[in-house]
Structure formats: C-alpha cells, structure tokens
Amino acid sequence: MCQKSIKKGYKMVNEANKAVHTDAVDEHEEMDFAAMLEESFKDSERDALINGVVVAIKEDVILVDVGKKSEGRLNASEVTDENGNITCKVGDVIAVVITGFRNERPAVSHKKALRKGHIKSFIAEYKEEDDVVLDVKITGKNKGGFIAENTEGIEFFLPRSQAAVKDMNALLGKSLKVKIIKIDTDTESIIISRKKFLDDERKKRKEIVQELIDRDEVVEGTIKKITTYGMFVDVGGIDGLVHYSEISYKGPVNPGTLYKEGEVIPVKAIKYDKDKRHLSLSVKAAMPDPWDEIKDELETGDSIQVTISNIEPYGAFVDLGNDIEGFLHISEISWDKNIKHPRDYIEEGQVVDVEVIEIDAKERRLRVSLKNVLPKPFDDFMKKFKVGDVVKGAITTITNFGAFVKIGGIEGLLHNEDASWDRNNKCKELFAVADEVEVKIVKIDEENEKVSLSKKELEDSPIQKYAKSHENGDIVHGKIRDIKEFGIFVELEENVDALIRKEDLGQVNEADLKIGDEIEAAITFIDDKKNRIRLSVRRLSKLKEREALKEINKEEKMTLGDILKDQLK
C-alpha cells in the first residue's frame with residue numbers, strides 16, 4: 001500500500017475522532033481505529049485502475065485476481081458480446097477497477113476500467129485552454145447540475161450555471177454541443193459548459209454576419225434544408241434563410257423544384273435582424289439583374305418569343321428565357337370574348353409569339369398579348385360581310401339590353417328594340433344562349449369595331465301591314481300614348497303608332513289632352529320604309545268641311561233641278 005493512501009487513512013481516522021465529544025464517549029463504544037484504518041485503505045483502492053487475471057469463469061460471474069485475499073467478482077455481462085458469448089478466458093489479463101467490498105471480497109468492473117482509461121487518455125490529450133467543441137448526451141442530473149457522456153462513455157459534469165436552461169428536466173436525454181472549462185487531473189473530472197459554447201457561437205456568428213454584410217460580396221453556401229417557404233443555407237458555419245421570393249427574378253418559386261439539399265450555390269447577404277438573430281440571404285441578388293439587360297432593349301409593341309410557364313384561371317405567366325416572367329391576361333389570349341379558361345387555347349411549355357403591351361423595368365412588370373399577333377376577326381368579317389346582308393349566327397350572351405350573336409369570328413349586337421316589332425318583347429324572353437337566329441346586318445362601325453344587327457327587319461312591320469289597308473286621307477281613331485313638346489303619339493292599332501305634330505292639332509287645345517284619351521284625325525302620309533305615319537286634326541277639320549259642302553251642294557243642285565223640271569212642264 002502506498003504512503004499516500006496510508007496518510008489519507010490516518011486523516012480520515014483523525015477527522016472521525018474529532019467528531020466525537022470526549023465526554024460522550026463510553027468505553028464500550030470506543031471506535032475500532034484499526035478497522036477504520038483498514039476501511040480507509042479500501043476507500044483509497046476503490047476506482048483505482050488494476051490489471052487483473054481471470055482465474056475462473058462461472059455462469060454469471062467471473063473471478064479476477066486483483067492481488068487481494070479474495071478474488072474480485074466481475075459480472076459476466078460486462079464481458080459478453082451481442083451474441084451472448086463471453087469475450088475472455090481463464091488466464092487473460094483484463095483491466096478492472098474495484099467498485100466496493102462485500103465480506104472482504106472486492107467487486108470489480110471492466111466497463112468502468114475502460115471508461116477510466118478513456119478519461120485518462122482524454123485528459124492527456126486535451127487542456128482547459130483548448131477551444132474544443134464536444135458532442136455529449138445528458139444522462140443524469142443532481143443538485144449541482146448534469147451528468148453527460150460522449151460516444152466513448154467518458155463522463156463529464158455540466159454545472160447548472162453553465163447549462164443555459166431554466167427547466168432542469170429540459171435537457172435530460174438531449175444531445176448537446178459543449179466546451180471544456182476545467183480539467184481536474186487529480187480527481188479525473190472534466191467540467192463542461194453549454195453556455196460558453198453558445199456565447200462563443202453567438203460571437204462567431206456576429207463576426208461572420210458582420211463580415212458578410214460589410215463585404216457585400218457573393219459567397220458560396222451549402223443548402224442544409226429545403227422548405228416550401230425557402231431554404232436554409234450554411235455560409236461560413238452559420239445558417240441563413242433564402243426566402244422563396246429571393247430565389248428568382250421571376251417572383252416567388254418553390255425551391256424544391258430547382259435545388260436539392262447538399263447543393264452548393266452562390267448567395268449574398270442582404271439583411272440581418274439583430275433582435276431575432278436572423279440572417280437573410282438571396283440567390284437572385286448574387287446574379288446579374290436581367291431587368292437591367294432588357295430595359296433599354298425592349299419596348300412596347302415589340303414582338304418576342306416566350307414559353308408558357310404557368311397557367312391560372314385568370315391568365316398565364318410566360319418565361320422570356322432570362323429569368324424574367326411576363327403576364328398574359330386571359331383577355332389578351334384570343335379575340336374570342338367568351339374564353340372560359342386559358343387552357344382551352346394554350347398549354348404549359350408551349351412556345352408562342354406575343355406582343356409587349358406594357359413594360360416597367362422599375363416596377364419589374366411586363367404584360368404581353370397573344371391576340372395582338374393573331375389575325376383580327378373583325379378584318380376577316382369586313383372582307384366577307386356588308387350592311388344589308390342577312391346572316392345566321394349563334395347567341396353567345398344575353399343581357400338586359402339585348403343579345404350578342406356570333407357571326408364568323410366577331411359578335412354583333414342584337415338590341416332589344418331590333419329583336420321584335422313588339423316593343424314589349426325583350427331578347428331574354430325571346431331567346432336562349434346557343435340559339436341560332438337569322439338576322440340582318442344594319443350597321444358596321446369600323447372605327448370601334450362594332451356591328452349592329454336586326455331581326456325585326458326580316459319581317460313586315462306593323463306599319464307595313466297597316467299600309468296595305470289604309471291610305472292618305474283616311475279618317476282614323478286612336479288612343480293618346482305619349483305627349484311630347486313637339487306633338488303627341490297616338491296608338492292606332494296594336495304596335496302601330498302615329499304622330500300628330502303640335503301645329504297639326506288645329507283647334508284642339510293641347511292643355512286639354514291627356515294620355516289615354518281617344519282622338520280622331522286624318523292620315524296625312526304613310527312611310528312604310530321608315531315605318532312612320534303622320535296624322536292631322538287640322539286636316540280632319542278640312543275634310544269634314546269639304547264633306548259638308550258636298551252635301552250642301554248636292555242638296556242645292558237637287559232643288560234647282562226640281563225647279564227647272566217644274567218650269568219645263
């Protein structure tokens with residue numbers, strides 16, 4: 001037994017002796033100093049690394065000679081492999097440590113010996129001043145802190161003050177990164193700190209971030225994780241986020257369609273939030289701005305070739321091939337005004353020629369038109385049709401004021417008043433969408449590219465029918481339908497209107513007239529082509545005067561004749 005151990009034993013005996021008050025010592029309770037001394041020797045030998053010899057192997061116990069009166073007992077499970085085979089044999093020398101005594105027989109452990117060897121090697125390799133980052137796992141805790149182990153089974157002590165955590169249970173079972181703050185070679189203990197690691201990492205991160213921001217240069221980063229909203233990229237040992245809006249000049253894109261984890265890409269630091277310690281990176285900022293390339297080369301009215309990249313119900317996005325995306329609105333896809341969905345006319349991946357209708361490099365906005373490079377349906381219509389043509393078409397839309405009829409590649413308007421001679425009839429009551437109707441082209445507005453249609457002009461108007469049985473000079477009766485400043489409108493028969501101008505009212509007092517009154521007048525003219533009838537009360541009076549004179553003259557002539565006959569007799 002070494003001199004150091006003997007001194008340690010005497011020290012323990014003295015301390016125990018002082019702890020007992022001499023007045024309270026009974027001679028029957030005198031302490032067995034020899035036993036205490038022997039126990040101190042045992043304490044000094046505990047945890048000492050010893051090379052023992054295997055002397056016997058039993059079912060679950062292996063006896064190891066460690067130089068004591070009795071062999072040490074080693075649990076066989078400590079030297080059993082994964083297949084259940086004992087890895088040592090009688091006569092083998094194995095490293096053990098004495099973990100305790102039972103009836104003078106020492107208990108030994110091979111695993112603790114291996115750990116102790118690892119600790120010695122670790123302590124020999126590392127120093128307190130070494131800035132080493134360790135990966136450990138928290139395996140237990142006590143009042144002072146936590147017990148941690150690395151993959152080699154080396155135990156470390158993490159003081160509570162160095163854990164950087166409020167909830168003591170939060171770290172149990174967790175794997176952490178730590179740094180060494182103290183190594184005690186006498187007790188073979190290693191104290192670690194999570195706080196120091198985190199503080200150093202924050203300082204390192206701040207320095208790296210500041211350098212990235214100050215340099216304002218493109219650097220290489222490694223993609224660590226891809227999400228739907230962006231990707232995390234490692235630059236110089238710290239992670240920054242590339243938001244999906246900072247990947248392409250086209251606009252927000254799904255990074256998963258362009259990149260994969262582990263890929264090295266060029267990025268540029270664009271922002272750092274000190275409060276949140278959040279570093280923002282950009283891929284597009286690391287590339288030349290394509291808008292700078294085209295702002296002086298592309299103008300409104302230019303025709304360019306693009307690829308349909310994405311189709312939505314309201315239009316499509318087109319790719320110019322240089323990381324610029326333009327927008328093709330649904331109204332600019334075709335001259336057909338009744339497009340239900342862009343997919344009926346275009347498909348993704350299709351290459352088409354379009355015309356630039358708006359470009360704003362500052363706002364990064366580009367709008368294009370596909371229909372502007374297609375033949376105009378109205379030009380084709382003008383080559384095939386003219387005013388007066390009778391054509392057939394399908395009704396595409398019905399509104400409160402009429403219906404639109406498709407003729408060739410354009411739509412003409414059939415207004416309610418041109419659909420029927422009956423003013424009470426409306427298109428929505430007469431037709432349905434997709435009905436085929438025969439109409440007459442009555443007007444073409446080339447400047448505004450509008451076509452007016454009529455269905456009633458293909459039929460005899462009520463006035464044309466009326467003219468077949470009436471003529472100028474006929475005396476008619478009607479009902480006042482409307483009163484205007486220039487005259488009154490009279491309804492003669494159903495849907496047959498006539499006008500009595502103010503100067504033709506004669507002796508009739510206009511103030512005495514009201515809508516619904518019956519009125520008598522004479523037809524002054526009928527225009528069955530322009531569908532107009534004029535009446536006159538003043539002419540009616542003259543006609544009646546003539547009739548009265550005729551009757552008087554007739555009566556007078558008969559009287560003279562009678563006189564002459566009498567004279568001739």
**Sub-4.5 Å side-chain heavy-atom contact between I311 and I346** = yes
**Message:** Between R194 (side chain only) and Q162 (backbone N and O only), is there a donor and an acceptor less than 3.5 Å apart?
**Reply:** no
**Item:** From I463 atom CD1 to H470 atom NE2, the distance as rounded to the nearest 0.5 Å
**Value:** 12.0 Å
**Request:** Compare all side-chain heavy atoms of I519 with those of I488 and state whether any distance is below 4.5 angstrom.
**Result:** yes
**Asked** Would you call Q350 and T307 a side-chain contact if the rule is heavy atoms closer than 4.5 Å?
**Response** no
**Prompt:** Which atom names give the shortest non-hydrogen contact between A419 and F431, and what distance separates them?
**Reply:** CB-CE1, 4.3 Å
**Request:** Determine whether more than 12 heavy atoms belonging to other residues, nucleotides or ligands lie under 6.0 Å from atom CD of E312.
**Result:** yes
**Complete:** Separation between CZ (R202) and CD1 (I238), nearest 0.5 Å, reads 14.0 Å
**Item:** Presence of salt bridge, D389 and K386, under 4.0 angstrom
**Value:** yes
**Asked** S334 and I339: which non-hydrogen atoms are nearest, and at how many Å?
**Response** CB-CD1, 3.7 Å
**Message:** salt bridge (charged side-chain N to carboxylate O under 4.0 Å, His left out), that's the test. Do K514 and D517 meet it? Break it down for me.
**Reply:** CA-CA 6 Å; K514 60 181 182 295; D517 286 354; 3.4 Å; yes
**Asked** Would you call K468-D460 a salt bridge at under 4.0 Å N-O?
**Response** yes
**Asked** Within 45° of the six-membered ring axis of F197 and under 6.0 Å from that ring's centre, is NZ or CZ of K179 located there?
**Response** no
**Worked check of side chain to side chain contact (heavy atoms under 4.5 Å, CB included) between V391 and E438** = CA-CA 6 Å; V391 295; E438 187 175 50; over 6 Å; no
**Prompt:** What distance separates L535 CG from L492 CG, expressed to the nearest 0.5 Å?
**Reply:** 5.5 Å
**Item:** E457/K440 salt bridge by N-O under 4.0 Å criterion
**Value:** yes
**Prompt:** With no hydrogens and no angle check, do the side chains of E411 and T396 hold a donor and an acceptor under 3.5 Å apart?
**Reply:** yes
**Message:** Donor-acceptor pair, distance only, cut-off 3.5 Å: does the side chain of D474 make one with the backbone of E471?
**Reply:** yes
**Request:** Would you mind reporting whether K284 and S248 have side-chain heavy atoms less than 4.5 Å apart?
**Result:** no
**Complete:** Only residue of K376, K384, K383 satisfying salt bridge (charged side-chain N to carboxylate O under 4.0 Å, His left out) with D380 is K384
**Prompt:** Which heavy atom in L370 sits nearest to a heavy atom in V352, and how many Å separate them?
**Reply:** CD1-CB, 4.2 Å
**Item:** Interatomic spacing from OG in S369 to CG in L374 - rounded to 0.5 Å
**Value:** 8.0 Å
**Request:** Sequence neighbours left out, what passes ring pair (Phe, Tyr, Trp, His ring centres under 6.0 Å) with F232? Give chain and number order.
**Result:** none
**Asked** Within a radius of less than 6.0 Å around CD of E217, do more than 12 heavy atoms belonging to other residues, nucleotides or ligands occur?
**Response** yes
**Request:** For the pair R481 and D497, find out whether any cationic side-chain nitrogen is under 4.0 Å from an anionic carboxylate oxygen.
**Result:** yes
**Prompt:** Where do V235 and L281 land on the side chain to side chain contact (heavy atoms under 4.5 Å, CB included) test, with the steps shown first?
**Reply:** CA-CA 10 Å; V235 283; L281 303 173; 4.2 Å; yes
**Message:** Tell me whether W421 contacts the main-chain N or O of K456 through its side chain, where contact means a donor paired with an acceptor under 3.5 Å.
**Reply:** yes
**Asked** Yes or no on salt bridge (charged side-chain N to carboxylate O under 4.0 Å, His left out) for D504 and R534, after CA distance, side-chain angles and deciding distance?
**Response** CA-CA 10 Å; D504 291 325; R534 288 276 297 276; 3.5 Å; yes
**Item:** Neighbour count >12 (heavy atoms, 6.0 Å) for atom CD, E446
**Value:** no
**Message:** With a 4.5 Å cut-off on side-chain heavy atoms, are E355 and I304 touching?
**Reply:** no
**Message:** Rounded at 0.5 Å granularity, tell me how far CE in M231 sits from OH in Y244.
**Reply:** 14.0 Å
**Of all pairs that satisfy ring-ring contact (aromatic ring centres under 6.0 Å, His included), the ones with a partner from residues 346-405, not counting sequence neighbours** = F381-F385
**Prompt:** Do I475 and L540 have side chains that get closer than 4.5 Å, going by heavy atoms?
**Reply:** yes
**Fill in**
In short, L505 meets I500 closest at the heavy-atom pair CD2-CG2, 3.7 Å
**Request:** Output, in order, the C-alpha distance, side-chain angles, deciding distance and verdict of salt bridge (charged side-chain N to carboxylate O under 4.0 Å, His left out) for K502 and E485.
**Result:** CA-CA 8 Å; K502 192 172 182 180; E485 290 184 3; over 6 Å; no
**Asked** Do you know which two heavy atoms are closest between I398 and V433, and how far apart they sit?
**Response** CD1-N, 3.8 Å
**Request:** May I ask you to decide if G256's main-chain N or O and K260's side chain share a donor-acceptor pair within less than 3.5 Å?
**Result:** no
**Prompt:** Can D289 and R364 be said to form a side chain to side chain contact (heavy atoms under 4.5 Å, CB included), step by step?
**Reply:** CA-CA 11 Å; D289 189 345; R364 300 180 183 275; 2.5 Å; yes
**Message:** Apply side chain to side chain contact (heavy atoms under 4.5 Å, CB included) to residues Y466 and V476 and explain how you reach the verdict.
**Reply:** CA-CA 12 Å; Y466 189 84; V476 294; 3.5 Å; yes
**Request:** Output yes when a side-chain donor or acceptor of D167 lies under 3.5 Å from a complementary backbone atom of N169, and no otherwise.
**Result:** yes
**Prompt:** Okay, side chain of D302, backbone of V356: is any donor-acceptor separation there less than 3.5 Å?
**Reply:** no
**Message:** Any carboxylate oxygen within less than 4.0 angstrom of a Lys/Arg side-chain nitrogen, looking at E358 and R365?
**Reply:** yes
**Request:** Would you give the length of the straight line joining atom OH of Y345 to atom CD1 of I333, rounded to the nearest 0.5 angstrom?
**Result:** 9.0 Å
**Asked** Does the distance from a Lys or Arg side-chain N to an Asp or Glu carboxylate O, for K196 and D200, drop under 4.0 Å?
**Response** yes
**Request:** State, without any angle test, whether S461 and N531 hold a side-chain donor-acceptor pair at a distance under 3.5 Å.
**Result:** yes
**Message:** Check this for me, if you would: do D199 and K203 make a salt bridge, where the nitrogen-to-carboxylate-oxygen distance has to be below 4.0 angstrom?
**Reply:** no
**Message:** If the test is side-chain hydrogen bond (donor to acceptor under 3.5 Å, both in side chains), which one of H278, K225, K224 qualifies with D239?
**Reply:** K224
**Message:** Does any part of the side chain of L453, heavy atoms only, come nearer than 4.5 Å to the side chain of D418, both counted from C-beta?
**Reply:** no
**Close side-chain approach of D135 to K177, heavy-atom, < 4.5 Å** = yes
**Prompt:** Quick check: does any side chain N or O of N416 sit under 3.5 Å from a backbone N or O of C427, one acting as donor and the other as acceptor?
**Reply:** yes
**Heavy-atom closest pair, residues K371 and W335** = O-NE1, 2.9 Å
**Request:** Start with the C-alpha distance between S309 and D319, add both sets of side-chain angles, then the distance that settles side-chain hydrogen bond (donor to acceptor under 3.5 Å, both in side chains), and finish with yes or no.
**Result:** CA-CA 6 Å; S309 57; D319 188 355; 5.9 Å; no
**Request:** Determine, for K484 against D482, whether the closest basic-nitrogen to carboxylate-oxygen distance falls under 4.0 angstrom.
**Result:** yes
**Prompt:** Under 3.5 Å, side chain of S541 to main-chain N/O of V537, donor-acceptor pair present?
**Reply:** yes
